[in-house]
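Worksheet for the structure shown next.
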Amino acid sequence: MADPWNRPDDDIPFDLPAHTPRPGGIAARARVGAQPPGPAGRVPAYLDGLNPEQRAAVEATEGPVLVLAGAGTGKTRVLTTRIVHILSLGLAYPSQILAVTFTNKAAREMKERIGAMVGEQVEGMPWLGTFHSIGVRMLRRHAELVGLKSGFTILDTDDQIRLLKQLLQAEQIDEKRWPARLLANTIDGWKNRGLTPDMVSAGEGAAFANGRGQKLYADYQARLKALNAVDFGDLLLESIRLLRENPDVLAEYHRRFRYILVDEYQDTNVAQYLWLRLLAQGSHNVCCVGDDDQSIYGWRGAEVDNILRFDSDFPGAKVVRLERNYRSTGHILGAAAHLIAHNEGRLGKTLFSEGESGEKVTVTGAWDSQEEARAIGEEIEALQHQGRALSQMAILVRASFQMREFEDRFVTMGLNYRVIGGPRFYERAEIRDALAYLRVIASPADDLAFERIVNVPKRGLGDAALRQIHDHARAVGVPLVEAARQLVGSEELKPKVRLTLRDLVASFDRWREQMAAMPQSQLAEIVLDESGYTEMWQKDRSADAAGRLENLKELVRSMEPFENLVGFLEHISLVMDAEGSGAGDAVSIMTLHSAKGLEFDVVFLPGWEEGLFPHQRALDEQGRAGLEEERRLAYVGITRARRFAKVFFASNRRIHGMWQSSVPSRFLDELPENHVEVTESRGGHGWGGATSAGRYGYGPSRFDEAQTFGSSYSTPGWQRAQSHAQANAQANAQNNSAGGRREGQFGGFSEGASRYSPGASRGGASGGRVIEGHLVASSTGAPSRFAVGARVFHQKFGYGEVAAAEGNKLTVQFDKAGEKRVLDNYVEAV
DNA sequence: ACCCTTCTGCTTTAC
DNA sequence: GCAGAAGGGT
């Protein structure tokens, strides 16, 4: 193999074009050995306009640096300027800088911004990319050192699950009790923590299928190797192994990477941390940028601890705090700061701004989620009439099911909206199917891809046929396509199957020949056409068929810029966001998670209710840590707003198909009175559920300090709610003691909690969960207070008669609304 | 092989 | 309330 380090493009000096006409500008310094400007030297143009802290972060090039960058403090600017600074001082060639991001989007933006600052030669930064894309790059170069061939394929979650299912079947494990999905998550978790199969402790391995987890993990890894495949976790894990087991390779990378930069450090998991630490042992010039207060991905392995511990991990680290906020008004920052101050595990920053204080954050209660959507719709229209662009407004929800209500409302209003995120382009079935065809063409050994489309569209190659192919493949030791080819030549298959399979194999051979002769987009069209795949959707008369055909066209279009099919497939396996940017002015609807990093003039934050936000599951499964992460999510939400942050909660919401009443989120209690204005939704209902749960003792006592709402919380609606709450709390206290349960449950929410807790609502009461001495969550399995035949009243559906009662779930025949399933504490006896 | 019924579960989601 | 998966019947 040719020495990969001496590729000609790698060490060409990064000749910065004379971007700025100023003498002594960056162009003049873009040479190796150029000295930094002396004390009397002129300040380079790219440092203009940085505040002192930003500048310190940019100029501290040597040694470990942690930049704690609060929301809206110019984090990306610091990162990009720092790279430009390093380049223009001639401290390193572009190819000697490792710059890691989490998303392709972030990597792209960084490239663009550096490009805008130094000219168009960002091509010269080969090591700017996501953790995973850089991992792939390393693995492809040294594949054979970790038992792979350089052309290995990267499996996505779907392939992964299919593979695991096969393993579970082979091990005769009941897939009902131990679903492949769970195993996949477990293995991902191990990989996130940098654990290879032999490193999984016995206790951990026991977590799946009575101790067989570890063996299954080992089997899975063996299967991947046999398939010459890796999953996403492996991209890091195998890179780590590569570096650990091959000191010479590690030394090469040490020599190479003179400067390391990491974006969103608070989101790194253990594997990523280990990987970075290995690489940083070379130059020690590692600069991590992040915000512990915006760590919201703990559930997928991110370790806030990484950022909290930076000092001790990288001795002598310089810490720079960016606290000057350029985004939001004073009231918004004040509200966000007070909220996040309730978290204990944080490094602590205080954002300030020199701008105006602006409008207070508003909190609005609505009767139910529909009224909430209506109120937000009206506010949007009002703002629009004041001349504010829809594109500068966003609705940020906790869970995607909340989106539907807004979509419905906006459709009837004729309000233009855009849903960001959602099912990703590449995840859609039709895209995955099309890609599977292309994968089989590009790499005939891709068994998983072949399996996916062998009978899509339906061509009579069902389970029986597939099993035969499988058996033969295993017996002879060849990939499925090859096995199919051999079977076609034998007498073993049923005549009909044999003919169909022969055609399919022949088609793949034909397409593979055409691969070299035409652009990949044209080939894709031919494949989709000749395979009958397009036709399948044309015949499909379901509502979304047209959209799927549209997506297929979009896929074909998106293939055009690539050099060849293989290049396209490589790209696709690493790139998520192929979402076409819808044209026109529209309100954005998205989850809080996908809003991170974005900003809007006006931000609507609906659904601030206990159980939904903070989400019950976060509390149940992660306890205090979960609560703190939810709070950071709230913080992220508020800090997205430049001028207006508008928080909403509803007293009634439909979850899992049932109407439930809800309690305002404790986070509302944690917003400071002086930055918040409580308004009432027009509609006159106020809210009827209960008050915020802050005072009922589920949290540490200091959480309760914020309960004292002064004048701003003395609106009639609020007071009405308070008195409701008192009554509810008393009623629940009685319920609880009657049921023999320990006290201290969620006050007015004890019944509500059960609804979010699957175990309880299906009869398996899980009881309260005590974490660090505080009861964080509870649920109840108490029998219903209502008998079949009882007359009841429901706030939403009116009068009715109980048709069936099962635990606290009732089936009620309502006089007007028909039969509904409701929970018993939403109805009263009449 | 395919269709229809039943069962289950249900936060967030990059690569 | 709804969607996706799985199982049984034809």
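Being a predicted model, the structure only gives us computed values, none of them experimental. The chains referred to below are lettered A, B, ... by the order of the sequence lines, with proteins before strands, and numbering in each begins at 1.
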(message) Can you give me the closest heavy-atom contact between A/A429 and A/R548, atom names plus distance?
(response) CB-NH1, 4.0 Å
(request) Check every strand shown and say whether A/S573 touches a base, only sugar-phosphate, or nothing at a heavy-atom separation below 4.0 Å. (result) nothing
(request) With DNA chain B as reference, determine whether A/E630 or A/N192 sits nearer its 5' end, using the nearest nucleotide of each. (result) A/E630
(message) Under 5.5 Å centre to centre and under 30° between planes: does that hold for A/H615 and the six-membered base ring of B/dT12?
(response) no
(request) Could you check whether the rings of A/F613 and A/F667 sit parallel, tilted or perpendicular, using 30° and 60° as the cut-offs? (result) perpendicular
(request) Look only at the side chain of A/H132 and the backbone of A/L574, and say whether a donor-acceptor pair between them is shorter than 3.5 Å. (result) no
(request) To the nearest Å, give me how far apart CG (A/N185) and P (B/dC10) are. (result) 11 Å
(request) Measure from the side-chain heavy atoms of A/R404 and tell me the nearest of C/dC2, B/dT13, C/dA6. (result) C/dC2
(request) Between A/A399 and A/L235, name the one whose nearest nucleotide on DNA chain B is closer to the 5' end. (result) A/A399
(message) So, does A/T591 get its side chain near the phosphate of B/dT13, meaning an N or O under 4.0 Å from OP1 or OP2?
(response) yes
(request) Rounded off to whole Å, could you give me the OH-to-P distance for the A/Y297 and B/dT11 pair? (result) 17 Å
(request) Answer yes or no as to whether B/dC10 has its base stacked against A/F401, where stacking requires a ring-centre separation under 5.5 angstrom and planes under 30 degrees apart. (result) no
(request) Output the single nucleotide from B/dT12, B/dC10, B/dT13 whose closest atom is nearest the side chain of A/H656. (result) B/dC10
(message) To check you understand the geometry: which heavy-atom pair defines the closest contact between A/Y217 and A/L237, and what is its length?
(response) OH-CD2, 3.5 Å
(message) A cation-pi test, strictly: NZ or CZ of A/R300 under 6.0 Å from the centre of the six-membered ring of A/Y297 and no more than 45 degrees from its axis. Yes or no?
(response) yes
(message) In this structure, how many angstroms lie between the P atom of B/dT12 and the CD1 atom of A/I420, rounded?
(response) 16 Å
(request) Quick one: pull up NE2 in A/H615 and CG in A/L627 and give me the separation to the nearest 0.5 Å. (result) 14.0 Å
(request) Starting at atom CZ of A/R632, determine the distance to atom C1' of B/dT11, rounded to an integer number of angstrom. (result) 16 Å
(request) Can you tell me the distance, in whole Å, between the CD atom of A/E629 and the P atom of B/dT13? (result) 12 Å
(message) Rounded to whole Å, how long is the line connecting atom CZ of A/R398 with atom P of B/dT13?
(response) 9 Å
(message) Whole angstroms only, please: what is the CD-C1' distance between A/Q169 and C/dA6?
(response) 12 Å
(message) Suppose we screen for salt bridge (charged side-chain N to carboxylate O under 4.0 Å, His left out). Which residues come up paired with A/D158, at least two apart in sequence or across chains?
(response) A/R432, A/R452
(message) Starting the side chain at C-beta, find the nucleotide from B/dT12, B/dT13, B/dC10 nearest to A/R617.
(response) B/dC10
Distance-only donor-acceptor hits, side chain of residues 179-190 of chain A, under 3.5 Å, sequence neighbours excluded:
unit_1 : atom_1 : unit_2 : atom_2 : d
A/T186 : OG1    : A/L182 : O      : 2.6
A/D188 : OD1    : A/Q160 : NE2    : 3.2
A/W190 : NE1    : A/E204 : OE1    : 2.9

(request) Would you mind reading off the distance between A/L612 atom CG and B/dT12 atom P, rounded to a whole angstrom? (result) 10 Å
(message) Closest approach to the side chain of A/W299, judged atom by atom: which nucleotide of B/dT13, C/dA6, B/dA14 is it?
(response) B/dT13
(message) When you measure from the side-chain N and O atoms of A/S400 to the phosphate of B/dT12, is any distance below 4.0 Å, counting only OP1 and OP2?
(response) yes
Considering only nitrogen or oxygen atoms on both sides, find all protein atoms under 3.5 Å from nucleotides 1-3 of chain B and state each distance.
unit_1 : atom_1 : unit_2 : atom_2 : d
B/dA1  : OP1    : A/G462 : N      : 3.4
B/dA1  : OP1    : A/D463 : N      : 3.0
B/dA1  : OP2    : A/G460 : O      : 3.2
B/dA1  : OP2    : A/G462 : N      : 3.1

